[in-house]
Each structure stands twice: as C-alpha cells, then as structure tokens.
Amino acid sequence: MSQITYRSVQVGDEIPAYTTAPISRTTLALYAGASGDHNPIHIDIDFAKKFGMPDVFAQGMLNMAYLGRVLTGWVPQTAIRQYGIRFAAITAVHDRISCHGKIVEKYQQNGEHLVRLEVTATNQEGEIKLSGQAVIALP
Amino acid sequence: MIDKKHIGLKSAPHRVEVEKGRLRFFAKAIGETNPIYTDEEAAKAAGYASLPAPPTFVFCLEMEQPNPFEDLETMGIDLGKLLHAEQSFRYHAPICAGDCLTFEKQVSDIYDKKGGALEFVVQDSRVKNQTGELVAELRRVIVVRNKT
C-alpha cells in the first residue's frame with residue numbers, strides 16, 4: 001500500500017468507503033455484550049414493543065464504530081486526532097450502513113499536517129444516520 | 001427544566017482496566033478484521049504495547065461502572081426521555097490492553113431549545129492512563145425530550 005501523505009491528498013478527495021452486511025439481531029446482541037450497553041431496547045423485541053417501538057433498533061454507538069472503521073481502514077489509528085458525530089436517525093434491523101469520508105480541509109497546527117474529513121453513515125435508502133467530522137494527522 | 005446550577009457537576013473518578021478478551025469481542029462485534037485488533041503479535045509489530053482499543057471503545061469503558069447515569073439522575077433527568085445526540089473524541093495517545101484508565105467527568109453545559117421542549121446536557125470526560133498521561137477526551141451531548 002502506498003503511504004498516504006499530506007501532499008498526496010486534496011480537498012474533495014473521498015477516502016475508501018464500505019458498506020456493512022445487513023444488521024442482524026445477532027449483530028445487535030453481540031454489540032450489546034461487547035460494548036457493555038445492555039439496554040434491552042436494542043435486543044429484546046418484547047421490551048421494545050412495550051415502549052411503543054415496532055421492533056428493536058441498532059445501538060447508535062454501533063454505527064459510530066462502523067463509521068470509525070472507515071478511518072482505521074484508511075490510516076493507522078494513531079493518526080486520528082479527533083472524531084465526532086451527531087446522531088441523526090434510528091437505524092432499523094436489516095439496514096445496511098454505508099460509511100463515507102471526504103476531505104474538506106487541509107491545514108497545519110502545532111507542527112502537524114492535518115486533514116479534516118466530513119464523515120457520514122447512511123442506510124440503503126440514502127437516509128443519513130450519522131454525520132460528523134474527523135481530524136487526521138498525515139506525514 | 002434541568003437546574004443550570006448543575007453546570008460544573010463532577011462525577012467521582014471512574015477507574016477501569018482495558019481487557020484483551022473484551023477488545024477481541026468488540027472487534028468481532030463491529031466487524032473489524034485488521035489483525036492488530038485481535039492478534040497481539042500483529043499489534044506489537046505495528047508498534048502498540050498490546051491490542052489497541054478501537055476509536056469508540058473508550059466510550060464503552062466509561063460506561064463500565066455500576067451506575068454510569070448517576071450524574072443525570074442527580075440532575076433529576078428521566079432516563080426514559082433521554083437520547084444520545086452527539087458524541088466526540090479527542091485522542092492524545094493509544095489505549096491498549098493492560099492499561100488502567102481513570103475517567104474524570106463533568107457537566108460542562110446545560111441549554112434548551114424550542115422553548116424548553118428539548119433540553120441538552122453536555123458531559124466532558126478526561127481520560128488518563130496508569131502513568132497519568134492524558135490519552136483521550138470525550139464529549140457526550142444528551143437530549144431530554146419534554147412533552148409540551
């Protein structure tokens with residue numbers, strides 16, 4: 001893999017995107033266990049219905065972890081300086097999440113060469129689930 | 001309405017150990033297949049002390065306490081009306097298996113929109129490792145939906 005450098009990237013460049021498999025109930029159960037978020041609204045349909053939801057729905061932080069993989073798939077994790085998102089909508093079971101990042105700014109600060117990315121997670125209908133920004137240091 | 005006197009409310013420091021098995025389980029749950037997240041030799045070859053925690057895992061570590069919502073309850077917030085609105089991280093140094101982290105959390109802002117129908121609480125945490133090095137900062141914004 002050729003090394004990604006500050007010089008080699010431009011504002012407007014998209015970083016490699018990826019799309020998850022459809023989110024299954026198993027995925028939600030595994031994430032509940034691994035994350036320590038045992039809120040039954042994500043794993044117990046009886047509980048979800050009692051609270052007026054038609055079904056369980058994905059943990060917002062699962063989507064944020066998926067979107068984080070677009071960053072760690074592009075650069076070593078140690079290059080990530082900031083990563084932040086806004087939760088825009090609930091993600092349903094069976095949704096496929098597409099994770100994208102685009103460079104919107106190049107700048108230097110504290111002796112580092114940095115790029116700011118806009119990052120978004122959308123489902124198969126293009127509905128935005130997360131939107132946010134990341135700051136990455138590049139050699 | 002949430003009393004703005006709670007701006008500045010600090011939670012008791014929270015200490016937690018970063019466990020290798022949990023990191024492997026987390027990598028599986030989020031579909032992360034890069035071997036540095038599951039194979040310690042691969043992690044060391046990449047320059048980490050042990051398996052690194054993926055970017056969002058530090059959030060999970062913060063929740064790893066008997067009552068992660070104690071501060072919100074102190075403020076009289078009904079957890080059933082609460083939604084996670086925003087989450088952000090600043091990273092200063094790697095967090096790896098075997099680290100023992102200390103979280104110091106405080107409420108940094110409380111504000112409302114739509115005439116009080118939506119109330120927002122901003123919680124900021126600073127995370128240090130066992131050597132006292134600042135490794136990460138977290139900001140969580142939660143929204144309380146009030147019936148109007």
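Every chain is numbered from 1, with letters handed out A, B, ... down the list of sequences. Since we're looking at a predicted model, the values are computed, not measured.
- No continuous path of hydrophobic side-chain contacts links A/Tyr83 to A/Val104 [ILVMFWY only; heavy atoms under 4.5 Å].
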Practice item. Decide side-chain contact (heavy atoms from CB on, under 4.5 Å) for B/Met63 and A/Asp37; before the verdict, give the C-alpha distance in whole Å, the side-chain angles of both, and the deciding distance to 0.1 Å. Key: CA-CA 8 Å; B/Met63 301 292 278; A/Asp37 176 359; over 6 Å; no

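- Between chain B and the residues A/Leu130, A/Val135, A/Leu30, A/Leu71, the largest count of heavy-atom pairs under 4.5 Å involves A/Leu30.
- With chain A as partner, the option from B/Pro54, B/Gly80, B/Ala136 having the largest number of non-hydrogen pairs under 4.5 angstrom is B/Pro54.
- Placement of B/Ile36 and B/Leu51 in two distinct hydrophobic clusters is found when ILVMFWY residues are connected by side-chain heavy-atom separations under 4.5 Å, directly or transitively.
- Other residues, nucleotides and ligands contribute over 12 non-hydrogen atoms within 6.0 Å of the CZ atom of B/Arg140.
- Under a hydrophobic clustering in which Ile, Leu, Val, Met, Phe, Trp and Tyr are joined whenever their side-chain heavy atoms come within less than 4.5 Å, directly or via other members, B/Val107 and B/Phe69 fall into the same cluster.
- For residues 46-69 of chain A, the interface with chain B (any heavy-atom pair closer than 4.5 Å) comprises A/Met61, A/Leu62, A/Met64, A/Ala65, A/Tyr66, A/Arg69, sorted by residue number.
- With chain B as the partner, the residue from A/Gly36, A/Gly33, A/Ala134 showing the most heavy-atom pairs under 4.5 Å is A/Gly33.
- A distance of 7.0 Å separates OG1 of A/Thr72 from CD1 of B/Ile30, quoted to the nearest 0.5 Å.
- At a heavy-atom cut-off of under 4.5 Å, chain A is reached by B/Arg22 from residues 13-24 of chain B, listed in order of number.
- Ranked by non-hydrogen atom pairs under 4.5 Å with chain A, the options B/Ala53, B/Pro94, B/Pro68 are led by B/Ala53.
- Transitive grouping of hydrophobic side chains (ILVMFWY, heavy atoms separated by less than 4.5 Å) brings A/Val70 and A/Ile103 into a common cluster.
- Against chain A, the residues from residues 82-89 of chain B that qualify, each with a non-hydrogen atom under 4.5 angstrom away, are B/His84, B/Ala85, B/Glu86, B/Gln87, B/Ser88, B/Phe89 in number order.
- With a threshold of 4.5 angstrom between heavy atoms, B/Phe59 approaches chain A through side-chain atoms but not through N, CA, C or O.
- Of all residues spanning residues 124-132 of chain B, none has a heavy atom less than 4.5 Å away from chain A's heavy atoms.
- Connection of B/Phe120 to B/Val122 is established within a shared hydrophobic cluster, with ILVMFWY side chains joined at heavy-atom distances below 4.5 Å, either directly or through further cluster members.
- Within a 6.0 Å radius of NZ in A/Lys106, more than 12 heavy atoms belonging to other residues, nucleotides or ligands are found.
- Between chain A and the residues B/Ala29, B/Ala46, B/Ala93, the most heavy-atom pairs under 4.5 angstrom are made by B/Ala29.
- For the residue pair B/Tyr91 and A/Ile80, the shortest heavy atom distance occurs at CB-O, 3.5 Å.
- Atom CD of A/Gln124 sits in a crowded spot, with more than 12 heavy atoms from other residues, nucleotides or ligands closer than 6.0 Å.
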